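Order of the sequence lines sets the chain letters (A, B, ...), proteins ahead of strands, with each chain counted from 1. Please read all numbers here as calculations on a predicted model, not as lab measurements.
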Number of protein chains: 2
Amino acid sequence: MGWFTMVQLFTGIDDEGMKQLAGCMRMRVSRYKAGERIAELSGKIEKLGLFIEGRGHLELLDEDGVCTRVEEYREGDVFGELFFLPREDSYCSVEADEDCRVMFLDWGHIVRPCPQSCVYHARLISNLFQLAAEKSRQLSAYTDLLTKRSLRQKLLTYFETLRREYGSDTFLLPMSLSSLAEYLCVDRSAMMRELKSMRDDGLLVSQKRQITLLRRK
Amino acid sequence: MGWFTMVQLFTGIDDEGMKQLAGCMRMRVSRYKAGERIAELSGKIEKLGLFIEGRGHLELLDEDGVCTRVEEYREGDVFGELFFLPREDSYCSVEADEDCRVMFLDWGHIVRPCPQSCVYHARLISNLFQLAAEKSRQLSAYTDLLTKRSLRQKLLTYFETLRREYGSDTFLLPMSLSSLAEYLCVDRSAMMRELKSMRDDGLLVSQKRQITLLRRK
DNA sequence: ATTTTGCTGTTGCAAATCCCACATATTTAT
DNA sequence: ATAAATATGTGGGATTTGCAACAGCAAAAT
């Protein structure tokens, strides 16, 4: 089987299907050097890209000229207006952090009814819906975090998702403590203090990025 | 033209198209009394509903048995796993707040390639993608708010979106000040204090729900 | 007409959080 | 191997925010 079997966008599609889709969707692969611009996102759904090799990110230039990295991409990740629809008045682009190979699919051909009305086409659409739904879920989970009123609640909520994900009370944070503070939108020193306080209260054991939740309930 | 022309889900679809789709999608309309359960959402995309009449909401029962209203629906609004995909371990349902009429579309028939590969079908799918993208954008805008570190920044960010929306420096808040505080996840009295401080600093004029932004930049 | 309920506006005080500064690992680059 | 950059851990002190309480007002219910 080809490389694409590992890509969520193409789950359920075999070699035969890929061959058929490649023509039907006008798939094309482009190469980019680190630092190059891969695509610009508009206010309408019209592009769909897939990172085949290398890493990149989506950045947003706000009206004050401030540039922020909004999403990070690596092999297998998709981007496009379906997943991030910029406001009309902002400039938004996907940039290569390393040398990349990126596949583009023509949006018009995705939505347009396939002359052969092939099952592969339907599967691709289904996969896209799945990806869109998961993206929403992810965003919801994040807002759920942010709406928590106290630092402790934020940490616990986040740790809880990690516990579920790893299926274990002990896990390693997938990022540095500094980054975690940023992610939770709190001050790092305040977070360290709160972590200590949670250790003191017997809620968890922690050392560097290793956390063990106690008091399962 | 029919009532459905005003519904985002059916934009671009005429009477003829609706007739064709109705059979093709196995559309069916059900009635519910206030308080009744309209649907349960699972962890897989398999349902799509549309409020034709009446209001309702989506609620989530978390593992501790705490119930929260997550989304509110009125005429023309859609719901389903595409828009809110619950975690496997949670119970999630749509409930009627008033007497309702709700249309259901069969998800299998939406994704399955249409034997006639009709353009209406393609348009519906396209509309669904559009709705999914807008849902994501909305969530992103909200997280953007919540990631702001200070109360003042939260207020300004929110007011800025209202200014854009209304196209005017003066506007009426679409909710009570109390609800706004909840929405921004801050204490109401703290918010009132901050509003006063912003008035003192000449950033805006405000009285009750009426806001006028000064210092446009 | 009266009561009840909810929204607005304000205050003192307590608690949580942020900012800054420093010391020590640990990792990365040269 | 050495230097530089980044990550971790801690603390003091200023600031922001949350909490609780109250009063005036307006809308809605009785």
Taking all non-hydrogen atoms of both residues into account, name the closest pair between Ile38(A) and Tyr32(A) and its distance.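 Looking at all heavy atoms of both residues, the closest pair is O-OH, 3.6 Å.
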Please identify each residue that fulfils side chain to side chain donor-acceptor pair (under 3.5 Å) with Thr157(B), with sequence neighbours left out.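 Testing Thr157(B) for side chain to side chain donor-acceptor pair (under 3.5 Å), a comparison that skips the adjacent residues, returns none.
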Please give, in whole Å, the distance from [N] [atom2] to [X] [atom1]?
X: Arg152(A); N: dA15(C); atom1: CZ; atom2: P; answer: 15 Å
X: Leu173(B); N: dC7(C); atom1: CG; atom2: P; answer: 14 Å
X: Met198(A); N: dG9(D); atom1: CE; atom2: C1'; answer: 17 Å
X: Leu184(B); N: dT17(D); atom1: CG; atom2: C1'; answer: 14 Å
X: Glu182(B); N: dT8(C); atom1: CD; atom2: C1'; answer: 15 Å
X: Glu194(B); N: dT15(D); atom1: CD; atom2: C1'; answer: 12 Å
X: Met191(A); N: dG9(D); atom1: CE; atom2: C1'; answer: 11 Å
X: Leu146(B); N: dT17(D); atom1: CG; atom2: C1'; answer: 16 Å

Qualifying residues under ring-ring contact (aromatic ring centres under 6.0 Å, His included), relative to Tyr183(A), sequence neighbours excluded: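 Checked Tyr183(A) against ring-ring contact (aromatic ring centres under 6.0 Å, His included); matches are Tyr142(A), Tyr158(A).
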Just say parallel, tilted or perpendicular for the rings of Phe51(B) and Tyr73(B), cut-offs at 30° and 60°.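 Ring orientation, 0 to 90° scale: parallel.
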Under 3.5 Å, is there any donor-acceptor pair linking the side chain of Arg193(B) to the base of dG18(D)?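 Donor-acceptor pair under 3.5 Å: yes.
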Would you state whether a donor and an acceptor, one from the side chain of Arg188(B) and one from the base of dG9(C), lie under 3.5 Å apart?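 Answer yes: a donor N or O sits under 3.5 Å from an acceptor.
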Which nucleotide in dT8(C), dT10(C), dT17(D) has an atom nearest any side-chain atom of Lys208(B):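 Closest nucleotide among those given: dT8(C).
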On DNA chain C, does the nearest nucleotide to Ser189(B) precede the nearest nucleotide to Ser179(B) from the 5' side, or the other way round? Give the residue.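 With Ser189(B) and Ser179(B) compared, the 5'-side residue is Ser179(B).
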Side-chain N or O of Arg209(A) closer than 4.0 Å to phosphate OP1/OP2 of dT8(D):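 Checking dT8(D) against Arg209(A), a side-chain N or O does come within under 4.0 Å of OP1 or OP2.
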Is Lys47(A) reaching over with its side chain to a backbone N or O of Phe104(A), donor-acceptor style, under 3.5 angstrom?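 It does not hold such a pair.
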Upstream residue (5' side of DNA chain D) when Ala190(A) and Leu177(A) are each assigned their closest nucleotide: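 It is Leu177(A) whose nearest nucleotide is closer to the 5' end.
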